[in-house]
Protein chains: 2
Amino acid sequence: METHPLYGELKITRKKSGYSRGKNGYEHILFATLNILIEEGYNSISFRNIAKACDMNVGNVNYYFSSKQELIRQLLEAIIGHYEDEFDKSLDQDGIAAEDRLRAYITIVLEDIKTKKTTRLFPELWVLANQDSFVADRVEALYRRARTYLNKIILDLNPDLPAKERETLALFLSASMEGMTTFAGYNKPWADHMELIINITTKSFLDLVKNITVNDISALSNSKKS
Amino acid sequence: METHPLYGELKITRKKSGYSRGKNGYEHILFATLNILIEEGYNSISFRNIAKACDMNVGNVNYYFSSKQELIRQLLEAIIGHYEDEFDKSLDQDGIAAEDRLRAYITIVLEDIKTKKTTRLFPELWVLANQDSFVADRVEALYRRARTYLNKIILDLNPDLPAKERETLALFLSASMEGMTTFAGYNKPWADHMELIINITTKSFLDLVKNITVNDISALSNSKKS
DNA sequence: TATTATTTTGGTCAATCGTACTATTTTAAT
DNA sequence: ATTAAAATAGTACGATTGACCAAAATAATA
């Protein structure tokens, strides 16, 4: 299973123990399903498709996952869990200046968006979240964790900003970067301009976070301009 | 057909003429399909689903649209065409200061993102674009048109910014707003904070567009900070 | 009214789907 | 070597899908 092209891209937490052969089969199915999801989209996922990709029988796939919903949920858990782990691993840099942490954050997220996996996967997650509250909750938890880092950075760079405004600003920064996915992601029209986009994002976010005040954005200020 | 809940949300350009009855059937199918797409997602679209929603026979749906691909493409054309028309209608304000045009642009886009239609539709479009180049091209054309307005505004507010940087900045602004869809769209966790998000966006974009220079973001400046 | 074009119906078809079930083979422990 | 558990293969069922087709119903026209 270490030979699978997508090996290392899932956080697999198998509950029941079994033979090593079974462990391989279980993981092989998850990797194959992930691959189909990336290459052909959610609609193309079927037990028979998966079985063919695993050189396995349909009944065997059903032996590991008693229902399609079960398979999809375990796959999404493995996908999102891996993103969370990678995120924590990339961003636990203590003792680094807040400004540099923000620079690193931007680069890590936007470089990741350029990968085929992230470009293809996240729009699928957004669609699934619109129809399945289980997915919606899990995706929301992922983004909430991602924002905790932004909130700390903003707190360091702009201590006077109240909590509500800080958290909404973190949401704005995170959502803003996510928006690049469909424009500058893998094989997208602006993929070649990602370096410039990263520079614009960095310049924009640094100025914004450091200088923004409550008066700039509070609800009262919807009539006057600075 | 004027009684359909989604009446006015599609730009329908029927090619063949026929009896008025046929025109109604044709449009009814498109509106019903749009409704299914919004409420249940692309996966739930089927000839039989549509027929039931139209109180029509399955074969009749197939009579109007000889294939599902044909139906989907005409629907997407009607959807995107309508967005383009609405966009042009909302933003042809001549004689208004560039800064106010940017404010209006932000408000219009982000308020539209709050609607159920846009919140549900665009993630579906992004996914479809990943698998169907016809959809990818059509969606890209829509966004390209949207950026023409941003490019004019940037040109007014920051005449010294070269074309490449200006166009990439327009892309950044547009993508940034699109990113709010899955966070602050209809029924999303941050929907109630959209007013604050609009204020943050306005503050951020105005400062950025007015003050950014080539030196801030050009490829050379990846080692030094201001 | 008779004729023609258009719309609608109802049914059929092969393909695919998720799932359940049994039988067989493989594996690990005794 | 025996045995029980685990894994695999194979098959079959009911449901749904896109699509096709002939007949019937409707509308416009001469």
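Note on naming: letters A, B, ... go to the chains in the order of the sequence lines (proteins, then strands), and numbering restarts at 1 for each one.
- Note: NZ (Lys52(A)) to C1' (dA15(C)) measures 12 Å, nearest angstrom.
- Atom CD of Gln69(A) is separated from atom P of dT19(C) by 9 Å (rounded to the nearest Å).
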With a 3.5 Å cut-off and sequence neighbours excluded, list the donor-acceptor pairs that the side chains of residues 45-60 of chain A form with protein atoms.
from: Ser46(A); atom 1: OG; to: Asn49(A); atom 2: N; distance (Å): 3.0
from: Asn49(A); atom 1: ND2; to: Ser44(A); atom 2: O; distance (Å): 2.6
from: Asn57(A); atom 1: OD1; to: Gly59(A); atom 2: N; distance (Å): 2.9

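- Under the side chain to side chain donor-acceptor pair (under 3.5 Å) criterion, Lys116(A) pairs with Glu39(A), sequence neighbours left out.
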Sort me out a list of protein N/O and nucleotides 27-30 of chain D N/O pairs below 3.5 Å, or just none if empty.
from: dA27(D); atom 1: N3; to: Tyr19(B); atom 2: OH; distance (Å): 3.4

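- Taking atom OH of Tyr26(A) as the reference point, atom P of dT8(D) lies 14 Å away to the nearest angstrom.
- Remark: Glu111(A) engages no residue in a side chain to side chain donor-acceptor pair (under 3.5 Å) (not counting sequence neighbours).
- Looking at heavy-atom distances under 4.0 Å, Gly22(B) makes contact with sugar-phosphate atoms alone, never a base.
- The salt bridge (charged side-chain N to carboxylate O under 4.0 Å, His left out) contacts involving residues 79-95 of chain A comprise Lys11(A)-Asp85(A), Glu84(A)-Arg138(A), Glu84(A)-Arg145(A), Glu86(A)-Lys89(A), Asp88(A)-Arg145(A), where partners must be two or more places apart or lie in separate chains.
- Residues that satisfy the ring-ring contact (aromatic ring centres under 6.0 Å, His included) test with Tyr64(A), not counting sequence neighbours, are absent from this structure.
- For the side chain to side chain donor-acceptor pair (under 3.5 Å) test, residues two or more places apart in sequence or in another chain that qualify with Lys188(B) are Asn130(A).
- Distance Asp55(A) CG to dA7(D) C1': 15 Å, rounded to the nearest Å.
- Looking at the side chain of Met56(B), the nearest of the listed nucleotides dT11(D), dA6(D), dT9(C) is dT9(C).
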Check residues 175-184 of chain A and write down every donor-acceptor pair under 3.5 Å in which the side-chain atom is one partner and the other belongs to a residue at least two apart or another chain.
from: Ser176(A); atom 1: OG; to: Ser176(B); atom 2: OG; distance (Å): 2.6
from: Glu178(A); atom 1: OE1; to: Tyr143(A); atom 2: OH; distance (Å): 2.7
from: Thr181(A); atom 1: OG1; to: Glu178(A); atom 2: O; distance (Å): 2.6

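- As rounded to whole Å, 13 Å separates atom C1' of dA5(D) from atom OH of Tyr64(A).
- Tyr83(B) and Thr118(B) share a side-chain donor-acceptor pair at under 3.5 Å.
- Dashed line: the shortest gap from a side-chain N or O of Tyr63(B) to OP1 or OP2 of dT7(C) is under 4.0 Å.
- If you measure from atom CZ of Phe65(B) to atom P of dT7(C), you get 12 Å, rounded to the nearest angstrom.
- For dT8(C), one of the phosphate oxygens OP1 or OP2 lies less than 4.0 angstrom from a side-chain nitrogen or oxygen of Asn60(B).
- Checked against the 6.0 Å centroid criterion, the rings of Tyr42(B) and Tyr42(A) do not qualify as a close aromatic pair.
- Remark: C1' of dT8(C) and NE2 of His28(B) are 15 Å apart, rounded to the nearest angstrom.
- If you measure from atom CG of Asn62(A) to atom P of dC13(D), you get 17 Å, rounded to the nearest angstrom.
- Within residues 34-51 of chain B, the residues approaching DNA chain D are Ile45(B), Ser46(B), Phe47(B), Arg48(B), by heavy-atom distance under 4.0 Å.
- Residue Asn57(A) places no side-chain N or O under 4.0 Å from the OP1 or OP2 atom of dT8(D).
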